[in-house]
Amino acid sequence: MKHNYRRTVLVGFAFFLIICFWQAYDTIVPKILTDKFGMSQSISGIIMALDNILALFLLPFFGALSDKCTSKHGKRTPFITIGTLISILLIFGIAYADSMQRDNISVIADVNSKECREVLYNHQYSEKLITPDGVEFSVKDIERQTFMEITTDTKWDTDLQGKTYKDGFSPYTNYIVPAMQSYAGDATSSNPTPLILFIVMLLLLLLAMSVFRSPAVALMPDVTPKPLRSKANAVINLMGAVGGILVLVIGILLKTGAFENALMSYMGFFTAIAAIMLISLVIFIFTVKEPKLVELMKKESRELGVQDDEDEEGEKTPGTFSAISREKKISLVLILVSVALWYMGYNAVASKYSVYAGSVLQKDYNMTLIVAQAAAILSYIPVGIISTKTGRKKAILAGVLMLTVAVTGASFVNASTPTLLMNILFALAGIGWATINVNSFPMVVELSNEGNVGKYTGYYYTASMAAQTVTPFISGLLMDNFGLRILFPYAAVFVSAAFVTMFFVKQGDSKIKG
């Protein structure tokens with residue numbers, strides 16, 4: 001039986017709009033927190049982990065709740081519809097709070113103005129600043145005339161507290177950006193109203209997104225026979241990657257990654273994201289008739305000779321964690337540990353890269369992320385086909401190996417590294433991550449049955465969100481104390497550890513029976 005790609009693409013619009021939001025969230029929110037509110041990397045990491053803290057409890061809850069939903073529109077569609085509409089409204093709430101804070105720090109909004117430089121130089125800092133190499137300093141350590149003459153494209157050698165910085169050291173990213181963040185932090189302390197509103201809107205938005213994330217992901221296995229789920233998941237992830245690239249392209253057009261736009265208004269950007277989410281939802285509602293697709297999946301499964309979940313005697317088991325066999329239980333735990341480990345590494349980069357790219361690589365983060373996403377898009381379908389033949393476990397191990405090589409190599413990349421080499425590493429990371437994503441979720445739901453796909457989706461997301469809860473804070477704390485360059489070595493340690501745990505997984509590969 002051939003896989004119905006059209007059906008999966010239409011179902012994938014729910015995932016498409018989710019990834020559009022998270023791509024915007026992961027790239028813009030860290031910049032708002034550090035650039036406009038003046039937060040440290042560790043504190044911003046805690047804020048970035050809020051969605052994951054909520055997800056630990058809410059994703060399994062809403063996944064299981066959708067399993068029990070008896071709406072005439074299906075189990076998952078009501079959650080997707082309501083959650084998306086509420087999220088769209090709340091996006092404008094965080095955009096408004098962002099605009100309020102920009103007005104609060106308007107005196108430094110134009111970094112190239114003389115007024116901005118004067119304010120930054122004369123500002124009394126409560127803390128020492130720190131370079132990406134971990135060296136503490138103050139703008140007062142620089143001669144006033146030198147400071148006033150710094151421009152956004154300046155690259156120079158200078159001696160600071162006994163440290164000599166070679167070619168590629170940027171006074172803009174190493175001096176002015178920290179100074180702006182320090183000023184923004186003091187302005188936030190003096191007038192915390194924009195920050196309070198921003199955090200409240202963000203919390204409500206993350207709650208709304210949690211309502212439908214598990215149901216949206218669980219819809220794919222609901223309408224796809226088990227042996228075809230790797231192919232279907234490849235299509236779903238391809239849809240997500242397209243959504244991610246679309247958001248990055250919007251970022252390029254609006255110049256969200258440009259140095260001079262660190263304090264820009266993001267109202268236009270967030271409006272574009274909300275519009276994309278609304279259009280995707282409309283397409284989903286009018287083309288996906290969930291009850292019909294579920295019945296069609298059951299018919300196709302019978303034709304393929306696929307049963308939900310059987311023990312050695314051929315009797316159906318309920319699919320709960322306590323009811324499955326010991327071997328399956330061990331494999332499930334190992335898969336979930338592996339998921340947690342590679343998300344520890346990957347999400348640390350995802351949540352900090354927009355800051356890292358500007359300060360260390362001196363690049364527009366949008367471009368390098370597009371390279372990774374484009375590579376993932378090109379690989380999703382081939383990976384899905386290959387995985388069906390070679391098995392999910394082998395494919396995941398190959399993907400983890402590729403991702404390990406990529407993040408290890410990125411540890412040595414700096415502003416003077418040839419762009420081609422940077423692009424190769426990011427492309428390899430995109431292919432590796434695509435290979436992992438295509439196969440890991442199907443391995444988890446392979447151990448479920450049609451009555452609790454939502455619950456097993458919750459297991460998967462609990463593992464991934466637990467990792468994403470702690471890793472922004474831990475990586476941010478290390479970056480605050482040891483410099484920004486610790487980011488990629490940190491990621492490499494956790495991703496490589498996932499190879500070890502995944503190696504011992506025995507269950508989760510699907511075979512067509514009969």
Side-chain angles (χ1 to χ4, degrees), residues 11-30 32-33 46-66 69 75-98 197-220 236-237 239-241 243-244 246-247 266 269-285 343 347 350-351 437 441 454 457-458 460-469 471-472:
V11 168
F13 271 100
F15 190 68
F16 174 88
L17 69 88
I18 289 174
I19 296 302
C20 283
F21 170 80
W22 290 116
Q23 184 69 71
Y25 176 84
D26 283 338
T27 53
I28 297 301
V29 173
I32 293 174
L33 295 174
I46 293 175
I47 303 298
M48 290 299 294
L50 286 176
D51 67 305
N52 306 309
I53 295 171
L54 293 173
L56 282 173
F57 307 100
L58 296 180
L59 295 192
F61 172 76
F62 283 111
L65 189 63
S66 66
C69 181
K75 294 180 178 182
R76 323 296 181 186
T77 300
F79 291 86
I80 295 169
T81 302
I82 295 172
T84 301
L85 291 176
I86 295 174
S87 297
I88 289 172
L89 293 175
L90 291 169
I91 283 175
F92 289 102
I94 65 171
Y96 177 73
D98 169 69
L197 179 61
F198 185 85
I199 297 300
V200 170
M201 290 295 103
L202 192 63
L203 276 171
L204 293 174
L205 177 55
L206 296 176
L207 282 169
M209 291 296 298
S210 296
V211 167
F212 69 100
R213 199 188 317 184
S214 284
V217 175
L219 184 57
M220 181 278 287
I236 295 293
N237 279 278
M239 293 283 290
L246 179 59
V247 171
Y266 292 113
F269 177 82
F270 284 122
T271 298
I273 301 306
I276 292 171
M277 292 174 67
L278 182 59
I279 293 170
S280 302
L281 178 64
V282 170
I283 294 173
F284 175 84
I285 290 174
Y343 266 101
N347 186 254
S351 62
N437 273 341
F441 175 64
T457 301
Y460 174 85
Y461 273 109
T462 297
S464 64
M465 293 304 161
Q468 294 177 78
T469 296
T471 200

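In terms of heavy atoms, Ala14 sits closest to Ile80 at CB-CD1, 4.0 Å. Between Ala216 and Ile18, the closest heavy-atom pair is CB-CD1, 3.6 Å. Across every non-hydrogen atom of Cys20 and Ile276, the tightest pair is SG-CG2, 3.7 Å. Of all the heavy atoms in Leu197 and Tyr96, the pair that sits closest is CD2-CD2, 3.8 Å.
Note: Ile273 CD1 to Leu278 CG = 13.0 Å, rounded to the nearest 0.5 Å. The distance from atom OG of Ser66 to atom CZ of Phe61, rounded to the nearest 0.5 Å, is 10.5 Å. Here Leu202 contributes atom CG and Leu207 contributes atom CG; the two are 10.0 Å apart, rounded to the nearest 0.5 Å. For the atom pair CD1 of Ile28 and CD1 of Ile94, the computed distance is 10.0 Å after rounding to the nearest 0.5 Å. Rounded to the nearest 0.5 angstrom, Asp98 CG and Met201 CE are separated by 14.0 Å. The CZ atom of Phe212 sits 14.5 Å away from atom CZ of Arg76, with the distance rounded to the nearest 0.5 Å.
Side-chain contact between Phe62 and Arg213 is absent, with no heavy-atom pair separated by less than 4.5 Å. Counting only heavy atoms from C-beta outward, the side chains of Trp22 and Met209 approach each other to under 4.5 Å. Counting heavy atoms from C-beta on, the side chains of Phe13 and Val282 never come closer than 4.5 Å. Within the 4.5 Å cutoff, the side chain of Phe15 has heavy atoms near those of the Val217 side chain. At least one side-chain heavy atom of Ile91 sits under 4.5 Å from a side-chain heavy atom of Met277. Phe16 has its side chain out of reach of Ile283: every pair of non-hydrogen atoms, C-beta onward, lies at least 4.5 Å apart. When side chains are defined from C-beta on, Ile82 does not count as touching Val211, because their heavy atoms never get closer than 4.5 Å. Counting heavy atoms from C-beta on, the side chains of Phe21 and Thr84 never come closer than 4.5 Å.
Here Ala208 pairs with Ile86, Ser87, Leu90 under the side-chain contact (heavy atoms from CB on, under 4.5 Å) rule; sequence neighbours left out. With sequence neighbours excluded, the residues that form a side-chain contact (heavy atoms from CB on, under 4.5 Å) with Ile46 are Ile43, Phe473. Evaluation of the ring pair (Phe, Tyr, Trp, His ring centres under 6.0 Å) rule for Tyr266 yields no partner, not counting sequence neighbours. Remark: Phe92 pairs with Ile88, Met267, Thr271, Ala274 by the side-chain contact (heavy atoms from CB on, under 4.5 Å) rule, at least two apart or across chains. Under the side-chain contact (heavy atoms from CB on, under 4.5 Å) criterion, Ala272 pairs with Ile250, not counting sequence neighbours. Applying the side chain to side chain donor-acceptor pair (under 3.5 Å) criterion to Asn347, with sequence neighbours excluded, gives Gln468.
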Evaluate the criterion side-chain contact (heavy atoms from CB on, under 4.5 Å) for residue pair Phe198 and Leu33; output intermediate values, then yes/no.
-> CA-CA 10 Å; Phe198 185 85; Leu33 295 174; 3.9 Å; yes
side-chain contact (heavy atoms from CB on, under 4.5 Å) evaluation trace for Leu17 with Phe284 | CA-CA 10 Å; Leu17 69 88; Phe284 175 84; 5.9 Å; no
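Side-chain atoms of Thr81 come within 3.5 Å of backbone atoms of Thr77 as a donor-acceptor pair (strictly under, hydrogens ignored).
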